[in-house]
Amino acid sequence: MTPTEAEVRRRVAGTDWTALAAELDEHGCAATGPLLTPAECAALAALYDRPELFRTTVDLARHRYGCGEYRYFTHDLPAPVAALRAALYPRLLPVARDWAARLGRPAPWPDELDEWLARCHCAGQDRSAQILLRYGPGDWNALHRDVFGELVFPLQVVLALDAYGDDYTGGEFLMVEQRARAQSRGTATVLRQGHGLVFTTRDRPVRTRRGWSAGAMRHGVSTVRSGRRRTLGLVFHDAA
């Protein structure tokens with residue numbers, strides 16, 4: 001099952017992006033509406049067994065990142081992956097620019113995704129960073145940030161390809177915020193099949209008595225208790 005580009009754009013537009021931006025401000029992550037059908041999720045998950053679609057495979061345990069496995073797509077992305085990335089970028093761009101303004105940072109992201117990716121490639125970040133992840137019982141992912149070079153887009157998206165409770169248990173999406181002069185704050189989110197979760201790549205603006213500061217955040221995955229958990233990770237900058 002492959003949705004058309006127009007259908008993907010329609011589904012992305014169906015999310016209340018004003019409400020999503022407000023939730024991102026508050027928590028550093030926020031869920032979209034449904035972006036993929038269960039059949040489309042199954043078709044994407046099945047691509048994991050086609051190694052010719054991927055540039056490399058990462059064994060989490062080997063690198064002490066956790067336990068499980070993921071694969072980076074080549075730049076020849078499957079149509080629904082490319083369509084989702086293209087449709088989501090302009091929706092996330094206003095949030096990215098707003099956050100940069102509040103934090104007093106440059107906002108180097110142009111209106112067009114292709115132009116931004118061309119800048120990444122010129123800077124030596126020319127490897128695809130789109131990820132298909134697979135976890136089984138006992139697998140988990142350590143807290144981390146997906147920063148692959150100097151050029152970074154501040155938001156990314158993960159889409160659940162399996163149904164929590166039916167296909168797997170455990171495996172909640174984790175975010176931990178490091179707070180100034182306070183204990184860290186954690187959140188756990190159950191991903192809904194076919195829905196996206198937008199989250200910060202590395203930090204979010206936090207209001208303080210002196211203005212805005214950057215609240216550092218990392219993400220990971222809790223231990224899968226049973227079944228198989230597969231997700232699609234969409235990153236809006238390429239890797240060095």
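Heads up: numbering here begins at 1 and tracks the sequence. If you're wondering where the values come from, they're calculated on a predicted model, not measured in any experiment.
When the side chain to side chain donor-acceptor pair (under 3.5 Å) test is applied to R207, no partner is found at least two apart in sequence or on another chain. Every side chain to side chain donor-acceptor pair (under 3.5 Å) that E177 has, sequence neighbours left out, goes to R185, R204. Every side chain to side chain contact (heavy atoms under 4.5 Å, CB included) that T169 has, sequence neighbours left out, goes to R225, S226. Looking at residues two or more places apart in sequence or on another chain, you find no side chain to side chain donor-acceptor pair (under 3.5 Å) involving T223. By the side chain to side chain donor-acceptor pair (under 3.5 Å) test, T56 pairs with no residue at all, sequence neighbours left out.
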Exercise. Verify salt bridge (Lys or Arg N to Asp or Glu O under 4.0 Å) between R64 and D59, making sure each step is shown before the conclusion.
Key: CA-CA 9 Å; R64 304 185 69 181; D59 182 334; over 6 Å; no
Exercise. Take L36 and L161 through the test side chain to side chain contact (heavy atoms under 4.5 Å, CB included) and record every step on the way to the result.
Key: CA-CA 9 Å; L36 295 170; L161 303 180; 4.1 Å; yes
Quiz item: Where do M217 and V176 land on the side chain to side chain contact (heavy atoms under 4.5 Å, CB included) test, with the steps shown first?
Solution: CA-CA 6 Å; M217 303 189 74; V176 173; over 6 Å; no
Practice problem: Determine, stepwise, if the pair L191 / T231 fulfils side chain to side chain contact (heavy atoms under 4.5 Å, CB included). | Solution: CA-CA 9 Å; L191 303 182; T231 57; 4.1 Å; yes
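The distance from the NE2 atom of H121 to the CG atom of L151 is 10.5 Å, given to the nearest 0.5 Å. Here the CG atom belonging to L35 is positioned 5.5 Å from the OG1 atom belonging to T15, to the nearest 0.5 angstrom. In this structure, R218 CZ and H144 NE2 are separated by 10.5 Å, a value rounded to the nearest 0.5 Å. Note: T32 OG1 to L88 CG = 7.5 Å, rounded to the nearest 0.5 Å.
Criterion: ILVMFWY side-chain heavy atoms under 4.5 Å apart, direct or through other members. Under it, L92 and L117 are part of a common hydrophobic cluster. Follow the hydrophobic side-chain contacts under 4.5 Å out from L232 and you reach V8 in the same cluster. Put simply, L93 and F236 are part of the same group of oily side chains (I, L, V, M, F, W, Y) that touch within less than 4.5 Å, one to the next. By the rule that hydrophobic residues join a cluster once side-chain heavy atoms approach within less than 4.5 Å of another member, L20 and V95 end up as members of one cluster. Side-chain heavy atoms closer than 4.5 Å link hydrophobic residues (I, L, V, M, F, W, Y) into clusters, and following such links, possibly through other members, connects L84 to V198.
Pairs of residues two or more places apart, or lying in two chains, never qualify as salt bridge (Lys or Arg N to Asp or Glu O under 4.0 Å) while including a residue from residues 149-161. Counting only residues at least two apart or on different chains, the salt bridge (Lys or Arg N to Asp or Glu O under 4.0 Å) pairs with a member in residues 228-240 are R85-D238, D162-R230. Listed by first and then second residue, the ring pair (Phe, Tyr, Trp, His ring centres under 6.0 Å) pairs involving residues 179-203 are F173-F199, F199-H219 (not counting sequence neighbours).
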List the atom pairs, with distances to 0.1 Å, where a side-chain N or O of residues 68-83 and a protein N or O form a donor-acceptor pair under 3.5 Å, not counting sequence neighbours.
unit_1 : atom_1 : unit_2 : atom_2 : d
E69    : OE2    : Y48    : OH     : 2.8
R71    : NE     : T57    : OG1    : 2.8
R71    : NH1    : Y48    : O      : 2.4
T74    : OG1    : D76    : N      : 3.2
H75    : NE2    : D126   : O      : 2.8
H75    : NE2    : S128   : N      : 3.4

Return all side-chain donor-acceptor pairs below 3.5 angstrom for residues 133-143, not counting sequence neighbours, or 'none' if the list is empty.
unit_1 : atom_1 : unit_2 : atom_2 : d
Y135   : OH     : N141   : ND2    : 3.0
D139   : OD2    : G136   : N      : 2.7

Result block: side-chain N/O donor-acceptor pairs under 3.5 angstrom for residues 23-31, not counting sequence neighbours:
unit_1 : atom_1 : unit_2 : atom_2 : d
D25    : OD1    : W99    : NE1    : 2.8
D25    : OD1    : R102   : NH2    : 2.9
D25    : OD2    : R102   : NH2    : 3.1

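When all heavy atoms of P94 and P90 are compared, the pair lying nearest together is CD-O, 3.1 Å. Considering every non-hydrogen atom in both E172 and A188, the closest pair reads CB-CB, 4.2 Å. Here the closest non-hydrogen pair linking V235 and Q130 is O-NE2, 2.8 Å. The heavy-atom pair separating P110 from R97 by the smallest distance is C-NH2, 3.6 Å. Of all non-hydrogen atoms in R55 and A239, the two that sit nearest each other are NH2-CB, 4.2 Å.
Residues L197 and V157 fail the side-chain proximity criterion, which asks for heavy atoms closer than 4.5 Å. Residues R202 and P154 fail the side-chain proximity criterion, which asks for heavy atoms closer than 4.5 Å.
Here the rule is side-chain contact (heavy atoms from CB on, under 4.5 Å) with T37, and of R11, E7, Q193 only R11 fits it.
Checking side-chain atoms of D167 against main-chain N and O of A163 turns up a donor-acceptor pair under 3.5 Å. S222 places a side-chain N or O within donor-acceptor distance of the main-chain N or O of G171, the cut-off being under 3.5 Å. Although no hydrogens or angles enter the test, the distance criterion places no donor-acceptor pair under 3.5 Å between the side chain of R119 and the main chain of W109. In this structure, the side chain of W116 does not engage the main chain of F153 through any donor-acceptor pair within 3.5 Å. Judged by distance alone, the side chain of W17 and the main-chain N or O of V12 form a donor-acceptor pair under 3.5 Å.
A centroid separation of less than 6.0 Å is found between the aromatic rings of F148 and H237.
Side-chain contact, Q156 with T201: a donor N or O sits under 3.5 Å from an acceptor N or O.
In this structure, W212 shares a hydrophobic cluster with L103, the cluster being traced through Ile, Leu, Val, Met, Phe, Trp and Tyr side chains under 4.5 angstrom apart.
The environment of CD in Q183 is sparse: at most 12 heavy-atom neighbours from other residues, nucleotides or ligands sit within 6.0 Å.
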